[in-house]
Amino acid sequence: EMGMLPRMPALKMASRHRQADNAGAGRGAIPPATGTASGMNLRAGRRDKVCMHPSGGETVRIKARLRSFYLAALAAATLASAASHAAGMPGCGDVAGDWDGWIAGCAVIIDDTRETAAVRAKALRIRGLAYFRLGAYDNAIADYSRSIGLDAKNTATYVNRAGAYQRKHDFTRAMADYNLAAALDPQEAWVFFDRGKAYQDMRDFAHARQDFDEAIRLKPTVAVFFRRRGDLRKRQGDLAGAGADFDAALRLDPQDVLAYLSRGRLNVDQHNYDRAFADYDKALAAVRPNLPQLVALIYSARAMAADDMGDLPRALREYDAVLKIQPDNAIYLQGRAFTAFAAGDFAAAAAGFGSATQKNPGMFYSVIMRYVARSRMGEHDTPELRRNAEALERNPWPWPLIGLFLGEVTPDQLRTTMAQAAGDEAGRRKCEGEFYLAEYDLLHRRRDEAAALMQAAAKSCSHDNFERNAAAAEAKRLAP
């Protein structure tokens, strides 16, 4: 999945959980193991869980409907094979995952002027990968640049430097390196695959599709190529094509856990719940026991499928299974709290949102939903909301939702802000705005207005919005 990065640089190449809360995310990225930012941070820049390292604040808006499982969940296992590629360079990449050891061991070789340029270039590539895995992207870029100075013909080095630029959201330099790599080796499928992922990060889906198509043309035996293209086709509304790609991926690799997750999610979207759970069962059977993050992700997919079905007790049980594995993960705590809210257990919802906020004070929607859930119990604790909101960025959206309940934004001002967005963001703001305006009306005892807005939100919210099920449940509770 990680393209050329996990492979040792000396060789030719062979995300309802909300991430990026303040930036806006979709329902379903792979959450970090602890619910905080990490080198394997995934659920991305809003509805697309493709951006791998969201910025601060609540860089985990669990809105996710498992759109981007695809980044780091298997990285550790993939990198476990790296040691064999570093043979002949003791201490420099010979112990998988020992990034500090790699840095120290490679430095000895890099600083030894008796070594050949080729050996030093390789050591720089390996150390660059170690820095990359530690999140030290500037250091990684520096080492990759020095390696290129010693060996300007190595395709992998350009791709790896492009990946580091990509993590810094410097897409201009990233694309320049991907293009150089493609020119150096136009027959290397992984170059096009990695560039396609970069295009996805840039939301240039047309060029991403072209590169995925080319990667498959060059190497039609790689399951991940079909899986990622399937995810893109699903995003573009080509559900039949997406299903065909997921099937192809699983024919090539029947143990591809992420392909089962992708196909399961597609089945959920098409209301084929039995097929979805069958795929999730296969994912559980295929997953390696040493990847608890991925096991938790599968159970969260099951929870969201049950939620979509309207089987809230089952959804809560599935979330409980998730939290047995990762009890401190703020993303999963928030997901379960939304389900408890939809089920009408406002006390459990308030407690869950409170726990998520404690684990990650930047969880924007946990902050606001704790206040909403407590308000539904008659506890209007505006001082607590104000205290919790101090950790949040006052951005164009979704801060106005907090401002509404703090009395800093009027309903009309909120509607104006909702109308200022375009594209996917417009749909997101309409959904969220209607739901929270309805809760605001309930708080002010305007039941009829609240009921109408809840019905509107239930219709306007996509499957990627947690507010959709919450609004539908509230509309039922408010019905005459």
Side-chain angles (χ1 to χ4, degrees), residues 1-14 40 50 52 68-82 84-86 93 96 121-122 125-126 128-130 132-133 137 140-141 143-144 147-148 151-167 171 173-202 204-205 207-233 245 248-249 252-253 255-256 258-259 262:
E1 178 63 54
M2 299 287 290
M4 301 175 85
L5 282 167
R7 298 165 173 73
M8 289 309 297
L11 301 182
K12 187 176 179 181
M13 291 325 48
M40 292 177 70
V50 174
M52 292 182 284
S68 53
F69 320 90
Y70 321 106
L71 299 173
L74 296 179
T78 304
L79 286 163
S81 64
S84 63
H85 296 300
K122 178 179 178 179
R125 289 195 295 272
I126 296 172
L129 177 57
F132 180 93
R133 295 312 306 168
Y137 304 123
I141 289 167
D143 273 357
Y144 292 143
S147 181
I148 289 169
D151 178 6
K153 299 294 186 180
N154 191 286
T155 304
T157 315
Y158 290 101
V159 172
N160 289 359
R161 189 172 69 176
Y165 281 129
Q166 197 173 331
R167 291 293 180 96
F171 291 109
R173 287 187 173 91
M175 278 299 163
D177 274 347
Y178 282 129
N179 293 340
L180 284 169
L184 278 172
D185 193 351
Q187 299 303 308
E188 179 47 69
W190 285 96
V191 171
F192 293 96
F193 177 69
D194 287 339
R195 189 173 69 178
K197 292 191 295 181
Y199 276 127
Q200 274 194 312
D201 281 1
M202 298 166 64
D204 185 345
F205 302 126
H207 282 103
R209 173 64 185 273
Q210 289 176 9
D211 274 353
F212 289 158
D213 288 348
E214 181 65 6
I216 289 171
R217 186 190 71 79
L218 291 168
K219 199 164 187 176
T221 57
V222 181
V224 67
F225 292 176
F226 286 95
R227 171 160 52 80
R228 284 303 293 258
R229 189 178 70 175
D231 291 320
L232 178 59
R233 292 173 85 169
D245 274 349
L252 290 166
D253 182 4
Q255 301 301 306
D256 188 341
L258 299 184
S262 288

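These numbers were taken from a predicted model, which means no experiment stands behind them.
For the atom pair CD1 of Ile148 and CG of Asn160, the computed distance is 9.5 Å after rounding to the nearest 0.5 Å. Here the CD1 atom belonging to Ile141 is positioned 9.5 Å from the CZ atom belonging to Phe132, to the nearest 0.5 angstrom. A distance of 9.5 Å separates CZ in Arg228 from CG in Asp194, rounded to the nearest 0.5 Å. Atom OH in Tyr199 sits 13.5 Å away from atom CZ in Phe205 (nearest 0.5 Å). Taking CG of Asp204 as the start and CZ of Arg195 as the end, the distance is 10.5 Å to the nearest 0.5 Å. With rounding to the nearest 0.5 Å, the separation of CD in Gln200 from CG in Asp211 is 10.5 Å.
Between the side chain of Ser262 and the main chain of Leu258, a donor-acceptor pair closer than 3.5 Å is present. Side chain of Tyr158 to main chain of Ala182: no donor-acceptor pair is present (N/O by atom type, distance under 3.5 Å, no hydrogens or angles).
Across all their heavy atoms, Ala208 and Gly196 have their closest contact at CB-O, 3.4 Å. Here the closest non-hydrogen pair linking Asp256 and Ala223 is OD2-CB, 4.0 Å. Listed here is the closest heavy atom pair of Ala121 and Asp151: CB-CB, 3.9 Å. The two atoms that bring Ile126 and Gly93 nearest to each other are CG2-CA, 3.8 Å, heavy atoms only.
Outside the 6.0 Å centre-distance limit, the rings of Tyr165 and Phe171 are not counted as a close aromatic pair.
For Gln255, the side chain to side chain contact (heavy atoms under 4.5 Å, CB included) criterion is met by Asp253, Ala286, not counting sequence neighbours. The side chain to side chain contact (heavy atoms under 4.5 Å, CB included) test applied to Ala198 returns Gln166, Met175, Tyr178, not counting sequence neighbours. In this view, Phe225 and Trp190, Phe193 satisfy the ring-ring contact (aromatic ring centres under 6.0 Å, His included) rule, not counting sequence neighbours. Under the rule for a salt bridge (charged side-chain N to carboxylate O under 4.0 Å, His left out), the partners of Asp213 that lie at least two apart in sequence or sit in another chain are Arg209, Arg229. Residues passing the side chain to side chain contact (heavy atoms under 4.5 Å, CB included) test with Leu218, sequence neighbours excluded: Gln187, Ala189, Phe192, Glu214. With sequence neighbours excluded, the residues that form a salt bridge (charged side-chain N to carboxylate O under 4.0 Å, His left out) with Arg233 are Asp238, Asp245. By the side chain to side chain contact (heavy atoms under 4.5 Å, CB included) test, Ala130 is found to be paired with Trp99, Trp102, Ile103, residues two or more places apart in sequence or in another chain being considered.
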Given salt bridge (charged side-chain N to carboxylate O under 4.0 Å, His left out), test Asp143 with Arg161 step by step and report yes or no.
CA-CA 9 Å; Asp143 273 357; Arg161 189 172 69 176; over 6 Å; no

Take Val191 and Thr155 through the test side chain to side chain contact (heavy atoms under 4.5 Å, CB included) and record every step on the way to the result.
CA-CA 8 Å; Val191 171; Thr155 304; 3.6 Å; yes

